[in-house]
Amino acid sequence: MPAYTSLESFEDASPFGGRGGREPSAFSPVEEDLQFNGRTRSFISVSLPDASKDSAMISLMNTVKPLALPMLSSWAQQREGIHIDLSDHQSTTHRTDYELEYQRGSIIPIAVTWDGHSAYRLNELKNIIQDVPSVKLNCISCESLTEK
């Protein structure tokens, strides 16, 4: 064990000798301004380019489903919209805008960026959202017939 006690530190920015550069977590949100329905709005943007992280996202969404309405009410008071980027930015990207309607007309703008490889993921995301009681997802800028 003497070799272990000679280390200056146990962990650093990349614990256990992982990747040299730190990449942001799949759920690391950033704020950005986007054009949405004719005006610039503030969005919280989450990039999820790696489909291998979908199971964590789906699990999280299913866990919070019973709390969706109170969470949406709180969210709407603090933020303007949500941008979910499913694309890997290695092929042509598309953007589809939705309005998430809940509690008699309360609306949260949702923008989704996707590409050909992530179109199926967008459909899964829509199915999960549509399973939430008292929530309606309205497409306001559909790029293809499969998105309507």
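As the structure is a prediction and not an experimental result, all values here were calculated from the model. Hydrogens, waters and symmetry mates play no part in the numbers below; they use all other heavy atoms, side chains included.
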Residue pair [X] / [Y], side-chain heavy-atom distance below 4.5 Å:
X	Y	answer
His89	Pro49	no
Ile129	Lys126	no
Tyr102	Ser134	no
Val112	Tyr98	yes
Val135	Glu101	no

For Asp88, is there any backbone N or O sitting under 3.5 Å from a side-chain donor or acceptor partner on Asp115?
yes

If only atom types and distance count, is the side chain of Arg121 paired as donor or acceptor with the main-chain N or O of Leu48 below 3.5 Å?
yes

Does any donor atom in the side chain of Thr96 or Trp114 lie under 3.5 Å from an acceptor atom in the other side chain?
yes

Thr40 side chain to Gln35 side chain, donor-acceptor N/O pair below 3.5 angstrom:
yes

Apply side chain to side chain contact (heavy atoms under 4.5 Å, CB included) to residues Phe36 and Ile140 and explain how you reach the verdict.
CA-CA 10 Å; Phe36 189 92; Ile140 61 171; 3.5 Å; yes

Please round to the nearest 0.5 Å and tell me the distance separating atom [atom1] of [X] and atom [atom2] of [Y].
X	Y	atom1	atom2	result
Asp85	Thr93	CG	OG1	7.5 Å
Ser141	Arg95	OG	CZ	6.5 Å
Glu80	Glu31	CD	CD	10.5 Å
Leu137	Asn127	CG	CG	10.0 Å
Ser87	Leu122	OG	CG	11.5 Å

Check the hydrophobic clustering (I, L, V, M, F, W, Y; side-chain heavy atoms under 4.5 Å; chains of links allowed) and say if Leu34 and Ile110 are grouped together.
no

Is it true that Leu100 and Leu86 fall in one hydrophobic cluster, defined by side-chain heavy atoms closer than 4.5 Å?
yes

Decide yes or no on side chain to side chain contact (heavy atoms under 4.5 Å, CB included) for Glu99 and Asn37, but give the supporting numbers first.
CA-CA 10 Å; Glu99 288 182 337; Asn37 208 15; 3.9 Å; yes

Run the numbers on Thr113 and His83 for side-chain hydrogen bond (donor to acceptor under 3.5 Å, both in side chains), then give the verdict.
CA-CA 8 Å; Thr113 303; His83 174 225; 2.7 Å; yes

